[in-house]
Amino acid sequence: MIAQSRPFGQRYAFVVAVIFFCLLIAAGLRSAPAVMMLPLEESFGWRRDVISMAAGVGILLYGLTGPFAAALMERIGLRRTLLAALLIMSGSTALSLLMSKPWHLFITWGVFSGIGSGAVASVLGATIVNRWFKTNRGLMMGLMSASSATGMLVFLPLIASLAQAGGWKPVAIAVSIATAALVPLVLLLVPERPASIGQVRYGADADDVPPVSPASQGNFLTHTLNTLRRAAGTRVFWYLFATFFVCGFTTNGLVGTHLIAFCGDMGIGEVQAAGLLSMMGIFDLIGTTLSGWLTDRFDPRKLLGVYYAVRGLSLIYLPYSGFSATSLIIFAVLYGLDWIATVPPTLRLANEAFGDRSGPIVFGWIVAGHQVGAAAAAAFGGTMRELQGNYELAFLIAGMTGIAAACISLLINTSKPAFEAEPQAA
């Protein structure tokens with residue numbers, strides 16, 4: 001079979017760039033509800049806990065879609081799965097322009113955007129890294145993960161300005177256009193595999209034969225659930241699931257959804273608060289890329305222990321910081337450096353425990369734990385705000401979960417395979 005030709009000849013570095021932008025836009029979509037919360041409250045009179053619940057549904061489905069998307073990428077192809085996801089994301093956010101009732105928000109920004117963005121998430125990065133790289137995986141996963149930080153960096157000040165000037169509708173329009181613009185780039189620039197352009201995985205020998213996932217044949221739903229069943233019988237899976245639950249609880253769910261509103265309660269404007277998140281994005285871009293480099297060289301369990309401890313202490317510090325400019329900068333730096341620095345060491349531990357063939361799908365289920373935690377925190381933060389009139393206790397509890405995750409990380413043991421790999425298809 002003749003290798004498929006692509007622009008830029010037989011090079012494939014551009015694939016990473018296109019996927020990076022897809023992950024970046026998906027991160028922008030997932031961060032948009034944080035900016036839309038106050039405008040939606042003003043426009044429709046909806047309670048903050050109702051809006052938070054809709055955001056939580058989107059975050060939950062964002063996570064639960066991941067493992068099925070990873071298997072679907074093997075079954076029908078990465079490009080088809082990615083294109084369908086981008087169209088769903090664009091269509092759902094465009095339809096939200098017609099909403100007038102809370103259930104419309106749940107359907108558009110909750111259900112459909114959650115499903116669409118769930119296929120353009122960490123599992124996409126993990127699939128690309130495993131499919132295109134044999135070495136330097138930690139560094140590449142760090143770069144992929146850093147796209148979320150860049151998404152905040154690029155989008156939050158812009159969409160906060162749009163929300164402040166024109167309400168929530170310009171935000172929805174901007175996100176819909178941005179996701180639709182990626183469709184032709186994926187069609188033109190993303191091959192299915194290295195072999196499609198006559199290449200092998202980076203760092204591999206010329207005769208390298210990549211492992212074939214069992215999900216490429218048969219019923220992908222059955223295989224995805226069967227992989228979960230087998231992984232759930234291992235202790236290492238539950239340790240990774242628990243730590244990533246806390247990761248989601250303390251990032252996307254609480255800080256990503258409620259920090260702007262928390263700052264608003266403290267008299268800080270939306271654009272200024274969005275700038276704070278953007279500063280976190282700058283430092284996370286640095287921290288997550290550095291984390292990938294460190295993951296290739298050091299014990300990932302100890303790295304996770306440090307990351308979660310610093311995160312927990314940062315969250316405990318925030319309610320007592322006084323919300324001065326200096327204190328918020330200190331928080332942004334400490335918190336930003338390990339916002340998603342946990343992803344590269346977690347993926348490495350999943351691959352070590354479950355192998356290259358099952359690792360991405362198991363990692364998808366671990367990411368589902370991340371988003372379950374995030375959804376719980378999104379709803380929890382809104383409920384605590386309604387019950388107590390402030391966010392202080394919510395942030396303190398989140399900080400304590402970070403300390404607990406640091407301790408759990410040190411218990412992970414991948415010295416022996418977690419389960420035997422399924423036989424490879426002939």
Side-chain angles (χ1 to χ4, degrees), residues 31 34 48-49 52 55-56 59 148-149 152 239-266 268 273 276-277 279-281 283-284 287-288 291 301-343 345-346 369-412:
S31 65
R48 198 172 298 183
D49 56 343
S52 299
I59 292 170
S148 296
M152 287 194 303
Y239 284 158
L240 290 170
F241 188 93
T243 55
F244 237 38
F245 176 95
V246 172
C247 185
F249 193 93
T250 53
T251 54
N252 308 55
L254 189 65
V255 174
T257 304
H258 292 286
L259 182 63
I260 291 177
F262 193 4
C263 288
D265 290 346
M266 305 302 291
I268 299 172
L276 183 66
L277 282 172
M279 183 183 296
M280 292 182 193
F283 284 97
D284 186 57
T288 304
S291 174
R301 299 171 300 170
K302 294 178 181 178
L303 293 176
L304 287 178
V306 172
Y307 298 157
Y308 284 118
V310 171
R311 183 180 303 177
L313 293 173
S314 300
L315 289 171
I316 292 171
Y317 161 78
L318 181 63
Y320 302 106
S321 67
F323 282 78
S324 66
T326 301
S327 63
L328 289 177
I329 289 173
I330 293 172
F331 173 75
V333 172
L334 290 175
Y335 198 84
L337 283 172
D338 81 351
W339 174 280
I340 48 173
T342 55
V343 175
T346 302
H370 183 283
Q371 300 311 122
V372 170
F380 172 72
T383 301
M384 292 294 287
R385 170 61 173 74
E386 291 296 326
L387 291 176
Q388 293 195 308
N390 61 64
Y391 285 106
E392 289 182 10
L393 185 57
F395 275 74
L396 291 175
I397 291 173
M400 289 185 282
T401 65
I403 302 300
C407 298
I408 295 172
S409 299
L410 301 178
L411 300 176
I412 298 171

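Rounded to the nearest 0.5 Å, atoms CZ (Arg301) and CD1 (Ile408) are 14.5 Å apart. For the atom pair CE of Met280 and CD1 of Ile329, the computed distance is 11.5 Å after rounding to the nearest 0.5 Å.
Nearest approach of Cys263 to Phe323, heavy atoms of both residues: SG-CE2, 4.2 Å. What you find for Leu259 and Leu318 is that their closest heavy atoms are CD1-CD2, 3.9 Å. The shortest non-hydrogen separation linking Phe380 to Ile397 is CZ-CD1, 3.7 Å. Across all their heavy atoms, Tyr308 and Ala406 have their closest contact at CB-N, 3.6 Å. Residues Ala332 and Met279 share a closest heavy-atom pair of CB-SD, 3.7 Å. Of all non-hydrogen atoms in Ile268 and Ala273, the two that sit nearest each other are CG2-N, 4.1 Å.
Counting heavy atoms from C-beta outward, His370 and Thr251 have side chains that approach closer than 4.5 Å. The shortest distance between side-chain heavy atoms of Ser321 and Ile330 does not fall below 4.5 Å. Residues Ser409 and Tyr307 have side chains not in contact (no heavy-atom distance under 4.5 Å, counting atoms from C-beta outward). Side chains of Thr346 and Leu304 form a contact here, defined as non-hydrogen atoms less than 4.5 Å apart. Between Val306 and Asp338, every side-chain heavy-atom pair lies at or beyond the 4.5 Å cut-off.
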Using distance only, find each side-chain donor-acceptor pair of residues 241-248 under 3.5 Å and give its atom names and separation, not counting sequence neighbours.
unit_1 : atom_1 : unit_2 : atom_2 : d
Thr243 : OG1    : Tyr239 : O      : 3.1
Thr243 : OG1    : Leu240 : O      : 2.9

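Looking only at atom types and distance, the side chain of Ser291 has no donor-acceptor partner in the side chain of Thr288 under 3.5 Å away.
Every pair passing side-chain hydrogen bond (donor to acceptor under 3.5 Å, both in side chains) that includes a residue from residues 372-387 is listed here, sequence neighbours excluded: Asp265-Arg385.
Relative orientation of the Phe262 and Tyr391 rings is tilted, given thresholds of 30° and 60° on the angle between their planes.
Side-chain atoms of Arg311 do not come within 3.5 Å of backbone N or O of Gly399 as any donor-acceptor pair.
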